[in-house]
Amino acid sequence: MKIGIVCYPTYGGSGVLATELGIALANNGHQVHFITYQKPARLNSYFENIFFHEVNPLKYPLFEYDPYETSLTSKLVDVVRFERLDLIHVHYAIPHASVAFMAKQVLASTGIHIPIVTTLHGTDITLIGIDRSFSPVVEFSINNSDAVTAVSHSLKKDTLEKFNIKKDIHVVHNFIDLNRFRRIEHKSFKNVFAPNGEKIIIHTSNFRKVKRVKDVIMAFKKIHDVMPSKLLMIGDGPERQAMEVLCRELGTCQDTKFFGKQDAVEELLSIADLFFLPSEHESFGLSALEAMACQVPVISSNVGGIPEVNIEGQTGHLLEVGDVEGMAKCSIELLQNEDKLRSYRANALKKAQEFEKAQIVPQYEKVYESIV
Ligand code: GMT
């Protein structure tokens with residue numbers, strides 16, 4: 001098939017997932033066209049069967065806000081028409097689902113039928129999708145997609161509860177490439193960060209408020225008070241600066257390292273003992289899955305789709321949102337018990353194997369086949 005993929009090209013979970021899906025589809029013999037305003041972050045080498053079409057919103061002095069949606073619609077119309085695409089798969093409803101609907105109408109007026117698949121990722125429903133400034137358009141464009149997928153049962157449930165949805169929603173979980181995300185024992189690399197055998201805790205995110213990065217810092221302080229430990233913070237975003245200041249105030253900054261955005265996350269995950277994900281909303285938790293694939297147990301909140309990935313008492317622990325005390329307590333217990341830690345590690349890998357890309361990607365292909 002010839003598949004157009006629209007996504008945010010950044011380090012956010014929806015863009016990462018969309019890019020990995022595109023790569024997997026190309027490996028399965030499909031021709032994949034990414035249509036977005038920048039080359040997706042994970043599309044960092046040459047891939048046969050993958051093409052990239054950059055959207056350049058026209059600048060004009062009259063526009064206070066560049067009409068990105070109109071430029072994206074026009075680009076979609078152009079690519080579908082001239083590359084003869086079979087379908088468009090949009091990731092993250094806002095604004096991609098309504099843009100795809102518009103492109104479909106424009107193409108229909110020229111006699112071209114293009115089916116649309118919309119994948120809901122999380123905050124496009126749970127956080128900003130329900131805001132009145134978006135909700136009528138989100139609901140309309142979901143109902144007018146040819147197929148809709150959600151990344152967890154929890155997100156499907158939320159969508160059905162919050163909107164008047166007439167379409168069937170297929171649950172297709174996030175997936176992982178276990179060839180890339182695997183634990184690579186690298187003692188000398190670990191020694192760089194933990195020269196005296198300190199325990200290593202890691203967090204990766206886009207440092208938005210919804211991730212509750214402050215809980216990571218506060219829980220680490222409590223752990224750090226009782227055992228030698230290091231905190232590795234990967235990613236960047238609006239909360240980063242404030243978190244660096246907080247570490248200085250708490251006196252943990254010597255043992256906390258902010259790396260910013262990283263491509264080879266798996267190398268850092270491979271030296272970690274625990275992964276923290278205390279989010280307020282999390283429709284799946286791709287970052288937790290990546291950690292688990294590298295045999296890192298997860299200490300997380302118990303919201304959204306996280307319990308579909310992180311299993312209490314087996315692959316990690318799940319706590320109420322904001323329970324910093326609980327996060328610290330169960331982390332200390334686990335870090336002090338080598339046998340338990342070893343068994344959680346093995347369980348984490350076993351659970352991650354359920355989300356191997358070879359199991360999940362065919363589920364998307366099945367959805368495509370049903371509408372093309
Ligand atoms: O918050 C992020 O990490 C980015 C966000 C997005 O939509 O770009 O991620 C969402 O999609 C991921 C891939 O499907 C999910 O694994 C994340 O759980 C989800 N984030 C939230 O729901 C907050």
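Just so you know, ligand 1 is whichever comes first in the structure, and atom 1 is the first atom listed for that ligand. Not measured: the values here are computed from a predicted model.
- If you check which protein heavy atom lies closest to atom 22 (O) of ligand 1, you get S283 N, 2.9 Å.
- For atom 8 (O) of ligand 1, the nearest protein heavy atom (residue, atom name, distance) is S14 OG, 2.9 Å.
- Contacts between V16 and ligand 1 below 4.0 angstrom, taking non-hydrogen atoms only, are absent altogether.
- Atom CG in L286 sits 4.5 Å away from atom CG in N174 (nearest 0.5 Å).
- Contact annotation for Y92 and ligand 1: only side-chain heavy atoms (C-beta onward) come within less than 4.0 Å of the ligand.
- Between the side chains of H30 and N49, no donor-acceptor pair is found at a separation under 3.5 Å.
- In this structure, H173 and F284 have tilted ring planes: the angle between them lies in the 30° to 60° band.
- Protein heavy atom in closest approach to atom 17 (C) of ligand 1: E282 OE2, 3.1 Å.
- Defined by atom type and a distance below 3.5 Å, a donor-acceptor pair is present between the side-chain atoms of E320 and N302.
- Distances shorter than 4.0 angstrom occur between a heavy atom of G285 and an atom of ligand 1.
- H91 and H121 are linked by a side-chain donor-acceptor pair at a separation below 3.5 angstrom, with hydrogens and angles left out of the test.
- Remark: the S98 side chain and the S141 side chain contain no N/O donor-acceptor pair separated by less than 3.5 Å.
- For ligand 1, the atoms closer than 4.0 angstrom to any heavy atom of V151 are 14 (O).
- The protein atom (non-hydrogen) at minimum distance from atom 16 (O) of ligand 1 is N174 OD1, 2.7 Å.
- Residue F284 has at least one N or O atom closer than 3.5 Å to an N or O atom of ligand 1.
- Residue, atom and distance of the protein heavy atom nearest to atom 1 (O) of ligand 1 are R208 NH2, 2.5 Å.
- Residue contact check: G122 has heavy atoms under 4.0 Å from atoms 22 (O) of ligand 1.
- Given atom 11 (O) of ligand 1, the protein heavy atom at minimum distance is H121 O, 3.4 Å.
- A salt bridge between E266 and R182 is absent, with no side-chain N of the basic residue lying under 4.0 Å from a carboxylate O of the acidic one.
- Residue G13 holds the heavy atom nearest to atom 9 (O) of ligand 1 of all those in A150, S205, G13.
- For Y92 and Y8, the ring centers are positioned less than 6.0 Å apart.
- Proximity of a side-chain donor or acceptor of K167 to a complementary backbone N or O of S145 within less than 3.5 Å is detected.
- Residues F193 and F259 place their aromatic rings such that the two centres sit under 6.0 Å apart.
- Residues F163 and F140 place their aromatic rings such that the two centres sit no closer than 6.0 Å.
- Residue L286 approaches ligand 1 through these ligand atoms, each under 4.0 Å from one of its heavy atoms: 16 (O).
- The shortest contact between atom 23 (C) of ligand 1 and any protein heavy atom is with H281 O, 3.3 Å.
- What sits closest to atom 3 (O) of ligand 1 on the protein, heavy atoms only, is K211 NZ, 3.1 Å.
- The distance from ligand 1 to the heavy atoms of N206 drops below 4.0 Å at these ligand atoms: 1 (O), 2 (C), 3 (O), 4 (C).
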